[in-house]
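Okay, structure first, notes after.
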Amino acid sequence: MSAAPGTTPGAPAAAGAGTALPVATARRTGAVLVAAARAHRRTLVLALVTTTVASAGLVLVPLLLGRVVDAVVADLGATGGQDAGQQGRLWLLFGLLAAAAAGTAVFAALARAQSERLGVEVAADLRERVVDRSLRMDAERLERAGGGDVASRVTEDVELFTSSTELVATVLTSLVTVVLAAAGFAALDWRLALAFCTVFPVYALALRSYLPRAAPLYARERAVAAERSRVVLESLHGARTVQAYGAQEQQTARVEVASGRGVGAALDALRTFARLSVSMNAAEAIGLSALLLTGFHLVRAGAVSVGDVTAAALLFHRLFGPLGVLLLSFDDVQRAGAALARLVGVADTEPPPAQPHRDVRHPATLTAQGLLHAYAQGAPVLHGVDLEVPAGGTLAVVGESGAGKSTLAALLGGVLAPSGGRVLLDGVDLALLDPQQVREHVAVVTQEAHVFTGTLRADLTLAAPGAGDVELLAALAVVGADAWAAALPHGLDTRVGAGAHPLTAAQEQQLALARVVLRDPALVVLDEATAEAGSAGARELEDAARSVLAGRTAVVVAHRLTQARACDRVAVLEHGRLVELGTHDELVAAGERYARLWRTWSASAPPAAGGSTGHPGVTGRQPPGHPGHDRAWVVEG
Amino acid sequence: MTPSRRLLADVLRRRRRPALVGCLASTVHQTCEALVPVAIGLVVARAVATGDTTAIAWSVAGVLALFAVLTAAGAYAFWTIEGAQLREAHHLRVVVLRAVLHRPPTSADLRDGDVLSVATSDTRHTAEVLALLGYLFSASVGMAVSAVVLLRVDALLGLGLLVAVPLLVLGLQRLAPRLERRVRTRQEAAGLAAATAADLLAGLRPLRGFGGVPEAVRRYRTVSRTSRDAAVGAAGATAAVVGAGTLATGLLLLGTAAAATALAVRGRIDVGELVTVVGAAAFLADPVRTITSCVQGLAVSRASAARVAALLADGPGDVPGPRSAATGAGEAAAAPGEPAPLVLEGVSAGPLRGLDLTAAPGEVLGVVTTDTALADALTGVLGGRRTPEAGTVRLGGLDPARDPVATGRLLVEPHAVHLLGGTLREALSTGTPGGAGGPGGRGPALLERALTASAADEVVRARPGGLDAELLERGANLSGGQQQRLALARALAADRPVLVLRDPTTALDALTEDTVAAGLRDLRHGPGAPGGRTTVVLTTSPLLLARCDRVVLLTADDPRTGTRTLSGTHAELLAEPAYAAAVLR
């Protein structure tokens with residue numbers, strides 16, 4: 001596997017905006033490949049040795065046949081009668097031929113097994129490293145690159161590279177065969193070897209015109225194919241929507257356009273490839289003619305025998321296959337190389353270093369000091385936020401879209417590192433903890449729910465690998481999911497998620513909350529975790545969230561203000577600044593921004609629904625049993 | 001004729017010209033390939049062995065001419081056949097997608113993954129029948145040419161080879177099932193590993209949120225190792241096949257060479273013929289291999305064609321072509337029609353029992369249900385996805401589930417948001433003539449107003465490029481609230497006489513929801529609206545309900561008494577405890 005270009009276009013159209021992840025240079029890619037192969041030294045050595053022996057056998061056969069021809073010519077020349085010496089010679093030659101055929105077969109099998117094994121093992125090592133690095137990648141880089149780029153590397157590039165392991169075997173065999181064949185020609189006569197070498201300039205010229213043309217063609221073919229599968233997939237996912245609008249023909253037309261572009265791109269690639277195959281045949285014609293002409297002159301000069309020329313011609317005829325493989329698989333090799341370069345780009349990202357362990361009490365006090373944040377090349381989103389949540393207290397964060405609520409949640413949850421300021425958990429700066437430790441103490445749930453494919457048990461144990469059924473069922477009971485979970489056809493062993501037992505949006509979020517219960521973290525951050533479930537579902541989820549948050553330190557980003565009201569304190573964000581902080585009742589009484597929000601929210605709600613806590617003057621529920629809570633909840637600025 | 005055979009016959013008929021021309025060119029190519037060993041033999045015997053200068057000149061010229069024909073025919077065949085195949089796969093893909101999209105709304109859900117594999121891989125395999133038949137024929141001719149050459153050299157030797165080669169290839173085929181099994185296991189394991197990686201990546205943010213990364217890494221390693229072991233197993237099986245094949249061709253060559261040598265030593269054939277026979281014996285395995293792989297490929301192609309045909313048969317009786325389908329629902333929407341009421345009479349469907357409900361022209365009707373199952377059933381019936389067990393749904397006297405004119409006047413926007421298209425503009429266009437995206441009509445101005453009404457204008461403004469901003473798959477670059485607002489804008493821009501919305505503001509904050517509730521009413525029923533529009537909103541949001549002319553509460557507490565309805569304004573109904581509980585925040 002050579003020549004992995006370092007200039008591969010980073011992300012196809014699907015990766016979208018953002019800064020693409022690094023793509024390794026050709027040199028670095030090669031180095032990683034060599035290092036990976038070295039890790040399987042035994043397989044590597046076996047593959048090389050067996051391949052060499054098998055190829056030697058392949059080259060030996062035509063050479064022996066050349067000797068046979070010489071013996072036959074000599075035999076016929078020997079006075080018409082049959083020469084006993086030549087007869088013995090023929091027996092010997094055929095014995096050698098039989099041994100070569102058998103040996104070639106055995107070693108070809110061994111070579112195939114070993115070289116494919118080498119490819120498979122290297123690919124497995126690499127993909128495991130890539131997945132590991134992708135899952136652990138630091139959040140800033142991940143956000144900048146966009147999920148699409150990482151996903152396409154972990155799926156498409158890994159698959160492309162993994163499926164090219166057979167290529168390793170065929171290319172290696174062909175390469176060794178051609179090299180040994182050159183030696184075979186040289187063994188006959190150096191001038192025959194020289195004649196054979198006339199194919200190489202032809203190949204070089206063909207590749208020189210092909211490669212620069214092919215690279216952009218294949219890149220375009222890939223991009224167009226990605227667009228096509230996007231359109232096909234959206235047509236399938238959104239079939240109901242298409243039908244609702246009666247837009248079947250418009251959508252079919254979109255598929256037709258995208259697929260038609262794919263045909264155009266593929267035809268361009270096909271034309272270029274057809275040209276390359278013409279060059280391949282031309283090289284065969286030139287090589288064969290050169291060998292026959294040279295052989296003719298050498299025979300006339302008495303330098304070689306007719307058998308030598310026959311051997312050379314037969315050997316060359318048998319090289320059509322390996323030479324074709326080398327030339328025509330060049331772009332497969334290139335494509336695999338490009339995929340590899342993108343994989344190495346991810347594999348080389350260093351995960352954040354491990355930090356010394358620090359104790360954090362559960363539940364923990366959460367303190368934010370002067371939090372500033374700006375995304376890459378963006379205006380600041382947060383301008384110095386200070387707040388403190390006492391152990392076991394809950395804080396709601398409200399505000400209009402774009403106020404910076406989710407950014408604040410991400411900073412408090414240790415998902416993003418602040419551009420300025422500190423987040424302290426039980427007095428420990430999150431910046432001093434590695435991501436692994438942060439996740440031991442902080443759980444973050446957003447409205448982006450995901451049911452991991454597999455059984456319900458597998459989904460839950462992702463959060464708590466050692467948990468038994470009793471713990472799992474208890475966690476489901478906390479979030480009110482025990483009833484439907486018990487009704488599943490196979491209980492905890494029911495396969496859930498895409499293509500299996502479907503779950504509603506509310507059930508998916510209940511699972512997300514159940515995972516939090518299983519983690520039992522020091523701090524919980526919910527970012528609109530109850531939003532996407534319809535009104536009735538949202539209420540159930542709010543109940544579930546309340547049970548999960550009982551006794552835990554929590555930050556809740558909410559647009560449903562009933563949820564805010566249920567928290568000990570409410571913080572109002574506006575344009576990245578904390579503008580109000582207090583209990584629900586205090587803020588409603590204050591008559592400022594929160595009061596306005598609350599009025600809009602409850603304007604048309606039934607008066608009874610507000611309940612007593614909805615009215616100013618009535619004492620809000622204070623978090624009981626936290627002696628220090630009165631001096632906590634500080635706002636400074 | 002089975003549906004799959006009929007489909008394959010259609011494919012061949014549609015592409016008969018390129019298929020025939022390609023097959024012919026490929027036959028010429030194969031014939032030339034078969035003649036290469038003959039040429040080598042001739043040159044050795046007539047020129048190299050004799051030292052005749054004229055002979056070598058002619059020889060080289062002959063070799064070059066042979067290769068010129070071989071090359072031209074080969075490239076032309078490749079280009080013609082593969083091109084036809086690409087075009088045919090494209091054609092089938094479009095036909096399949098059209099059939100899937102035109103499936104009756106009541107038909108069962110297909111699994112996206114299954115349809116995707118039919119639309120991409122099965123259409124490709126079906127189109128491959130063109131190449132397979134072409135190469136099958138040309139390889140057979142190539143073999144016949146070799147046979148003739150060998151028979152002319154020596155009848156017995158030729159016949160022997162003609163019997164031995166196919167036997168050997170058939171014998172090797174017996175190794176195939178084991179290899180196929182191993183390869184299948186390998187593909188399944190690789191597929192599982194890939195799916196696991198894709199699943200973990202798709203859920204990466206939640207996964208990191210609850211600290212599941214170490215366990216996820218461990219799980220991926222497990223499936224990756226399983227995949228690796230399966231691949232090593234398959235490599236072993238491949239190696240056995242490669243070894244057996246090498247041994248078989250080696251022995252064949254050895255036997256032929258020995259027999260030909262014996263003939264040459266006895267003076268029955270000359271040295272050139274000896275070379276030809278040995279070369280031809282080595283070559284003969286190629287066409288035989290091609291023939292067997294084509295036969296296997298045809299089985300795959302037939303199986304794929306069966307799946308494509310099944311999907312096409314599963315769709316509507318005859319798949320409308322682009323022309324006949326142009327009179328679909330979208331176009332009917334433009335058909336003039338008097339404002340007409342949407343009337344449900346005695347509708348029973350699942351939890352719904354004998355529901356009577358009327359939405360009058362010009363009315364904004366709120367529908368509140370005590371149970372989401374009721375709302376699901378109602379939207380299912382209105383959207384034509386669910387056939388009522390009893391009762392009728394009529395729009396201006398027509399059944400919207402059957403009559404395209406009625407269908408085109410009604411839009412039931414699904415709650416689950418699916419934005420389709422590569423840009424925001426595409427996502428907002430639904431091809432309704434007279435609507436925002438279509439030609440004519442009130443076009444851009446309507447779209448602007450729809451965006452403002454649904455508070456989606458700020459979503460568009462916030463993107464570089466505005467309406468031409470890129471939209472990622474499944475709206476990945478938009479928040480849930482942004483997607484919901486855009487979907488609402490799309491529904492408003494389609495400007496259908498009757499619009500049914502289901503929980504359209506669940507992902508919006510209170511202030512935005514309030515803006516949307518006002519904008520929605522203003523656009524469809526305010527000054528400047530065409531008049532006679534009907535809007536039905538299934539929701540429990542007080543902000544939306546307060547802006548409805550009338551609200552109906554559906555209760556299903558007792559299945560025997562049927563679905564009870566209670567009608568009034570939002571303010572009036574608040575006195576009703578069941579209603580108050582349903583819209584309680």
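Just so it is clear, the values below take in all heavy atoms, side chains as well, and ignore hydrogens, waters and symmetry mates. Naming convention: chains lettered A, B, ... in sequence-line order (proteins, then strands); numbering from 1 in each chain.
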Spacing of R300(A) atom CZ and I56(B) atom CD1 [to the nearest 0.5 Å]: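 The distance works out to 10.0 Å.
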Measuring from L97(A):CG to L251(B):CG, what's the distance to the nearest 0.5 Å?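 If we round to the nearest 0.5 Å, L97(A):CG and L251(B):CG are 11.0 Å apart.
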For [Y], does its backbone N or O pair with a side-chain atom of [X] as donor and acceptor, under 3.5 Å?
| X | Y | value |
| --- | --- | --- |
| E234(A) | G421(B) | yes |
| Q250(A) | S429(B) | yes |
| E116(A) | V232(B) | no |
| R93(B) | S259(A) | no |
| R103(B) | A239(A) | no |

Using non-hydrogen atoms and a 4.5 Å limit, figure out which bit of [X] sits close to chain B: side chain, backbone, both or neither.
| X | value |
| --- | --- |
| R228(A) | side chain |
| V516(A) | neither |
| V120(A) | both |
| A458(A) | both |
| S406(A) | neither |
| L65(A) | side chain |
| L292(A) | both |
| A512(A) | neither |
| V398(A) | neither |
| L90(A) | side chain |

Between [options], the one whose heavy-atom pairs under 4.5 Å with chain A are most numerous:
| options | value |
| --- | --- |
| A248(B), A235(B), A234(B) | A235(B) |
| A240(B), A39(B), A244(B), P214(B) | P214(B) |
| L511(B), V44(B), V63(B) | L511(B) |
| Y76(B), F78(B), Y220(B) | Y220(B) |
| V94(B), D199(B), V48(B), V217(B) | D199(B) |

Do R98(B) and E249(A) pass the salt bridge (Lys or Arg N to Asp or Glu O under 4.0 Å) test, and can you show the C-alpha distance, the side-chain angles, and the key distance before you say yes or no? CA-CA 7 Å; R98(B) 176 174 287 127; E249(A) 278 315 310; 3.1 Å; yes
Hey, which of [options] has the most heavy atom pairs under 4.5 Å with chain B?
| options | answer |
| --- | --- |
| G413(A), G454(A), S289(A) | S289(A) |
| V306(A), V72(A), T241(A) | T241(A) |
| V242(A), V442(A), V231(A) | V242(A) |
| A313(A), S229(A), G260(A), S277(A) | G260(A) |
| T461(A), I286(A), L58(A), L293(A) | T461(A) |

With a 3.5 Å cut-off and no angle check, do the side chains of S224(B) and R127(A) form a donor-acceptor pair?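 On atom types as modelled, these side chains qualify, holding a pair under 3.5 Å.
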F452(A) vs L207(B) side-chain heavy atoms within contact, under 4.5 Å: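 Yes; the side chains approach each other to less than 4.5 Å.
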Can you confirm whether F283(B) is buried at CZ, in the sense that more than 12 heavy atoms of other residues, nucleotides or ligands lie under 6.0 Å from that atom?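 Yes.
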What is the minimum heavy-atom distance between L247(B) and A101(A), and which atoms define it?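 L247(B) and A101(A) have their closest heavy atoms at CD1-O, 4.3 Å.
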